[in-house]
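Here the structure is a predicted model, which means the values were calculated and not measured.
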Amino acid sequence: YLFTSLHIVMPSRTTVLLTGPNSHLGLPILEKLLEKYFVIGVSRNASKIDLNKDLLNFYLPLDIDLSEFNEEELLKKTEEILFEKKSFLGGIVNNGYFGYPTHPEDITKGALSKASEGIFAVHVRLILSLEGLLKNGASIINITSMYAKVAPNENDYTDSVQMNALLYGSMKAALMQATKWLSSKLGEKKIRVNSISYGPFPSEFVQYNHPTFVSRLSERTHLKRIGKPSECSGIVSFLLSEDASFITGADFP
């Protein structure tokens with residue numbers, strides 16, 4: 001609650017910070033969150049998203065490259081937005097990443113350094129840098145992947161070079177474990193931390209250019225199809241809500 005000399009001002013909306021709002025799954029997550037929250041979008045091109053005019057007033061883009069992440073810069077800009085909107089930071093959704101290896105088997109020191117920073121460490125540092133702004137009862141969601149728990153099947157790919165990279169799944173697994181660690185650390189502050197490991201949601205580019213792979217991948221799912229982008233956002237909305245107020249340290253496949 002923000003107190004004035006005359007009355008109590010209730011924030012019109014809680015704010016959620018979302019990294020990677022431009023991505024294949026980031027955009028439907030963003031559109032879903034804008035129905036209820038102010039959303040601070042963080043990416044290189046966060047301001048270039050084309051949104052419905054009814055949602056524009058609730059979207060607060062920050063053109064910040066995560067590969068050049070600066071804790072003080074993000075903290076300052078987030079504080080300024082919260083003050084301007086008279087709002088609280090009620091959640092963080094870590095969806096963006098960088099540093100994907102150029103080859104599935106690349107385990108060189110350079111590849112490891114980039115992947116560990118861009119797929120794992122940057123998200124943990126972002127959480128810890130914004131921890132002080134999170135309100136009591138806030139919710140943090142780390143987007144991981146099915147490849148944090150299962151191996152890609154090489155037979156699904158028409159070219160083994162296209163196979164999901166070893167370092168990608170390994171670093172997503174690290175992020176999943178960090179989720180559990182952070183849920184314990186932040187639990188005393190009533191802040192919840194969970195992860196979502198999305199299954200087969202290949203991008204439009206992959207669907208168009210690699211239909212054989214998509215067909216084989218579909219056959220391995222119980223529903224015999226890939227996921228639609230619109231199907232990814234409901235679980236995010238749920239985990240941010242009061243309906244999930246006693247859920248923390250969990251991964252949702």
Side-chain angles (χ1 to χ4, degrees), residues 18-26 29 42-44 65-69 71 92-130 140-186 192-203 205-206 210 213-214 216-218 220-221 226-227 229 232 235-236 239 248-253:
L18 168 68
T19 64
N22 312 67
S23 67
H24 178 56
L25 298 186
I29 291 173
V42 178
S43 73
R44 284 194 311 269
D65 189 337
L66 285 179
S67 66
E68 300 174 358
F69 176 64
E71 289 93 334
I92 297 173
V93 181
N94 276 315
N95 173 66
Y97 72 91
F98 63 91
Y100 190 88
T102 56
H103 189 279
E105 297 177 11
D106 192 349
I107 194 69
T108 60
K109 290 181 179 180
L112 175 58
S113 176
K114 291 178 182 178
S116 63
E117 172 62 16
I119 302 173
F120 166 59
V122 69
H123 307 299
V124 178
R125 289 194 291 109
L126 184 146
I127 290 169
L128 295 176
S129 66
L130 296 178
I140 297 170
I141 301 169
N142 291 320
I143 303 302
T144 60
S145 167
M146 63 181 182
Y147 293 121
K149 297 184 284 188
V150 300
N153 191 307
E154 192 168 359
N155 294 326
D156 289 343
Y157 298 83
T158 54
D159 186 343
S160 61
V161 175
Q162 299 165 356
M163 189 167 66
N164 192 272
L166 166 64
L167 280 176
Y168 178 81
S170 300
M171 292 301 105
K172 285 293 190 180
L175 184 59
M176 190 179 295
Q177 172 57 26
T179 297
K180 300 177 186 300
W181 190 94
L182 289 165
S183 73
S184 176
K185 178 182 185 296
L186 300 180
R192 297 178 291 110
V193 192
N194 295 288
S195 63
I196 301 170
S197 52
Y198 286 119
F201 282 84
S203 67
F205 175 86
V206 172
H210 304 286
F213 164 68
V214 171
R216 291 173 180 171
L217 191 62
S218 298
R220 294 191 180 278
T221 73
I226 59 173
C232 78
I235 185 65
V236 176
L239 289 174
T248 194
D251 176 72
F252 289 80

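The two residues Ser218 and Thr221 come nearest to each other via the heavy atoms O-OG1, 2.9 Å. The nearest pair of heavy atoms linking Gly118 to His123 is O-NE2, 3.6 Å. Closest approach of Met146 to Leu217, counting heavy atoms only: CE-CD1, 4.5 Å. When all heavy atoms of Ser160 and Pro104 are compared, the pair lying nearest together is O-CG, 3.6 Å. Here the closest heavy-atom approach between residue Phe69 and residue Ser129 is recorded as CZ-OG, 3.9 Å.
Looking at Asn142, its side chain never comes within 3.5 Å of a backbone N or O of Asn94 through a donor-acceptor pair. Checked by atom type and distance alone, the side chain of His24 never pairs as donor or acceptor with a backbone atom of Pro229 at under 3.5 Å. Listed for the Ser170 side chain is no donor-acceptor partner under 3.5 Å among the backbone atoms of Leu167. In this structure, Tyr198 contributes its side chain and Cys232 its backbone to a donor-acceptor pair below 3.5 Å. Not a single donor-acceptor pair under 3.5 Å links the side chain of Ser184 to the backbone N or O of Trp181. Judged by distance alone, the side chain of Thr19 and the main-chain N or O of Val42 form no donor-acceptor pair under 3.5 Å.
Lys180 contributes atom NZ, which lies 9.0 Å from atom CG of Asn194 (distance to the nearest 0.5 angstrom). Between the NZ atom in Lys185 and the CD1 atom in Ile127 there is a gap of 10.5 Å [rounded to 0.5 Å]. Between the CG atom in Asp156 and the CZ atom in Phe213 there is a gap of 6.5 Å [rounded to 0.5 Å]. With rounding to the nearest 0.5 angstrom, the CD1 atom of Ile141 is 4.5 Å from the CG atom of Leu239. Put simply, CG on Asn95 and CD1 on Ile29 are 4.5 Å apart, with the number rounded to the nearest 0.5 Å. Atoms CZ and OG1, from Arg192 and Thr179 in turn, are 13.5 Å apart once rounded to the nearest 0.5 Å.
Within 6.0 Å of CZ in Arg44 there are 12 or fewer heavy atoms belonging to other residues, nucleotides or ligands.
Scanning for side chain to side chain contact (heavy atoms under 4.5 Å, CB included) contacts around Asp159 gives Val161, Gln162, with sequence neighbours left out. For Phe98, there are no ring pair (Phe, Tyr, Trp, His ring centres under 6.0 Å) partners two or more places apart in sequence or in a different chain. Among residues two or more places apart in sequence or in another chain, the side chain to side chain contact (heavy atoms under 4.5 Å, CB included) test is passed with Asp251 by Thr144, Lys149, Met176, Ser195, Ser197, Pro253. Applying the ring pair (Phe, Tyr, Trp, His ring centres under 6.0 Å) rule to Phe120 yields no partners; only residues at least two apart in sequence or on another chain are considered. For Tyr100, the ring pair (Phe, Tyr, Trp, His ring centres under 6.0 Å) test picks out Tyr168, with sequence neighbours left out.
Looking at heavy atoms from C-beta onward, Leu66 lies out of side-chain contact with Tyr97 at the 4.5 angstrom threshold.
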Stepwise side-chain contact (heavy atoms from CB on, under 4.5 Å) test for Val236 and Leu18: CA-CA 11 Å; Val236 176; Leu18 168 68; over 6 Å; no

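Between Leu126 and the choices Val124, Val122, Leu130, the side chain to side chain contact (heavy atoms under 4.5 Å, CB included) rule is met once, by Leu130.
Pairs passing the side chain to side chain donor-acceptor pair (under 3.5 Å) check and including a residue from residues 105-121, sequence neighbours excluded, read Asp106-Thr108, Glu117-Arg125.
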